[in-house]
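The next block holds one structure in the form of structure tokens; read it before the comments.
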Amino acid sequence: KPNKSFNFKASQLNETNLRTAFSIPKSTKFFLVNEENDIEFPAQDGSFDLCPNSKYRIQCSMVSTEKAPKYDNDEHKSNHDFDGDLSVSVAGNEDGRSTAIGYFLTVHGSVGKDKRDGNSFYVIGHKNDKKRGILKFHPYKKGDNLYTIQLLRVSDNRATAAGYWLAVHGSVGKDKRDSASIYVISTKEEKKASIWELIECGNGKDNNYYISCYGNVDGRKNGAGYLLSIHGSNKKDVRD
């Protein structure tokens with residue numbers, strides 16, 4: 001409710017207290033938005049990891065927690081053909097945040113921290129469709145909706161990371177985002193690519209999918225079961 005405002009102590013700032021104070025139904029997802037930079041912070045295990053001495057507004061999602069689509073059900077496995085050159089963009093977020101909606105998956109290399117090492121770059125989300133990644137989905141096991149994903153080129157024809165493979169490694173310190181997430185990279189070594197599972201979400205007619213890390217070609221377990229996502233709630237997430 002826009003006419004309500006409260007000052008909370010850090011120990012009081014949790015999902016339960018906010019629902020009570022602002023009369024937010026249990027079926028409604030919500031998150032806090034930093035008024036200085038519009039970064040969205042969803043609750044994690046009922047609490048919020050926020051910056052001190054900052055102002056936040058509450059933003060409710062139109063997605064009901066009672067009706068959220070499931071991704072761990074065989075009914076939502078994809079049977080579509082992903083042959084050809086493709087681009088991946090963010091259609092929405094499961095928790096209702098608006099972060100990076102419409103952004104395209106790509107690799108640029110034009111900012112210093114894009115480069116990971118001599119064989120890899122970090123994957124980013126970019127809002128300019130003229131700088132989107134053009135990807136190839138290579139079937140890993142026929143009929144299992146499993147793929148390795150290769151960056152063929154960027155739509156502006158820059159040469160950065162052309163032919164590289166999307167992967168989750170965690171072998172470099174800056175790969176780790178927090179205890180529940182790892183940054184995705186592009187590596188030029190196919191044998192170190194990750195295996196990705198495409199899982200249909202929504203009504204199956206909108207061409208929307210969850211992309212989940214199934215495992216890695218070289219057998220590493222890093223990132224297995226993790227879902228591809230763009231958040232922005234960690235200061236390291238924002239590139240420019």
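Side-chain atoms of S212 never come within 3.5 Å of backbone atoms of Y214 as a donor-acceptor pair (strictly under, hydrogens ignored).
The aromatic rings of H126 and H108 lie tilted to each other, with the angle between the two planes from 30° to 60°.
The hydrophobic clustering, which links ILVMFWY residues whose side-chain heavy atoms are closer than 4.5 Å, places Y122 and V184 apart. With hydrophobic clusters built from ILVMFWY side chains whose heavy atoms lie under 4.5 angstrom apart, I24 shares a cluster with Y56. V107 and V111 sit in two unconnected hydrophobic clusters of ILVMFWY residues. Membership requires side-chain heavy atoms under 4.5 Å apart, directly or through other members.
You'll find the side chain of T148 reaches within 4.5 Å of the side chain of V217, heavy atoms only. In this structure the side chain of W196 reaches within 4.5 angstrom of the side chain of C213, judged on heavy atoms. Under the 4.5 Å side-chain criterion, counting only non-hydrogen atoms from C-beta, Y164 is not in contact with I185. Residues Y226 and I182 form a side-chain contact, since some pair of their non-hydrogen atoms from C-beta on lies under 4.5 Å apart. N119 is listed as a side-chain neighbour of E189, based on a closest heavy-atom distance under 4.5 Å.
Using modelled atom types and a 3.5 Å distance limit, the side chains of E200 and Y210 yield no donor-acceptor pair.
Of the residues listed (L151, I124, L166), the one engaging L105 in a side-chain contact (heavy atoms from CB on, under 4.5 Å) is L166, and it is the only one.
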**OP:** Take V154 and I134 through the side chain to side chain contact (heavy atoms under 4.5 Å, CB included) test and state the conclusion after the steps.
**Re:** CA-CA 6 Å; V154 178; I134 309 298; over 6 Å; no
**OP:** Determine, stepwise, if the pair V88 / F104 fulfils side chain to side chain contact (heavy atoms under 4.5 Å, CB included).
**Re:** CA-CA 6 Å; V88 171; F104 290 88; over 6 Å; no
**OP:** Determine, stepwise, if the pair T20 / N17 fulfils side-chain hydrogen bond (donor to acceptor under 3.5 Å, both in side chains).
**Re:** CA-CA 5 Å; T20 301; N17 286 346; 5.5 Å; no
**OP:** Tell me, with the steps shown, if S181 and K176 meet side chain to side chain contact (heavy atoms under 4.5 Å, CB included).
**Re:** CA-CA 7 Å; S181 54; K176 186 176 181 180; over 6 Å; no
**OP:** Begin from the C-alpha positions of L198 and F137 and carry the test side chain to side chain contact (heavy atoms under 4.5 Å, CB included) through to its verdict.
**Re:** CA-CA 10 Å; L198 269 64; F137 286 69; 3.8 Å; yes
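When all heavy atoms of A161 and F121 are compared, the closest pair comes out as CB-CD1, 4.1 Å. For A100 against I230, the heavy-atom pair with the smallest separation is CB-CG2, 3.5 Å. Across all their heavy atoms, T187 and A167 have their closest contact at CG2-CB, 4.0 Å. The heavy-atom pair separating V123 from S186 by the smallest distance is CG2-N, 3.9 Å. In terms of heavy-atom proximity, A91 sits nearest to I101 at O-CG2, 4.0 Å.
Scored by the side chain to side chain donor-acceptor pair (under 3.5 Å) test, S229 finds H231 as partners (sequence neighbours excluded). W165 is linked by a ring-ring contact (aromatic ring centres under 6.0 Å, His included) to H138, counting only residues two or more places apart in sequence or in another chain. Contacts of S110 classified as side chain to side chain donor-acceptor pair (under 3.5 Å), with partners at least two apart in sequence or in another chain: R239. Listed by chain and number, the residues in a side chain to side chain donor-acceptor pair (under 3.5 Å) with Y183 are D237 (sequence neighbours excluded). Among residues two or more places apart in sequence or in another chain, the salt bridge (Lys or Arg N to Asp or Glu O under 4.0 Å) test is passed with E190 by none. Shown here are the side chain to side chain donor-acceptor pair (under 3.5 Å) partners of N216, two or more places apart in sequence or in another chain: S194. Scored by the side-chain contact (heavy atoms from CB on, under 4.5 Å) test, T16 finds N14 as partners (sequence neighbours excluded). Listed by chain and number, the residues in a ring-ring contact (aromatic ring centres under 6.0 Å, His included) with H169 amount to none (sequence neighbours excluded).
Sorted by first and then second residue, the salt bridge (Lys or Arg N to Asp or Glu O under 4.0 Å) pairs with a member in residues 115-133 read R116-D175; sequence neighbours excluded. Listed by first and then second residue, the salt bridge (Lys or Arg N to Asp or Glu O under 4.0 Å) pairs involving residues 216-228 are D218-R220 (not counting sequence neighbours). Note on residues 147-169: pairs passing salt bridge (Lys or Arg N to Asp or Glu O under 4.0 Å), not counting sequence neighbours, are D85-R153, D156-R158.
Other residues, nucleotides and ligands contribute more than 12 heavy atoms inside 6.0 Å of the NZ atom of K136. Within 6.0 Å of NZ in K191 there are 12 or fewer heavy atoms belonging to other residues, nucleotides or ligands.
Atoms OG1 and CG, from T106 and N128 in turn, are 9.5 Å apart once rounded to the nearest 0.5 Å.
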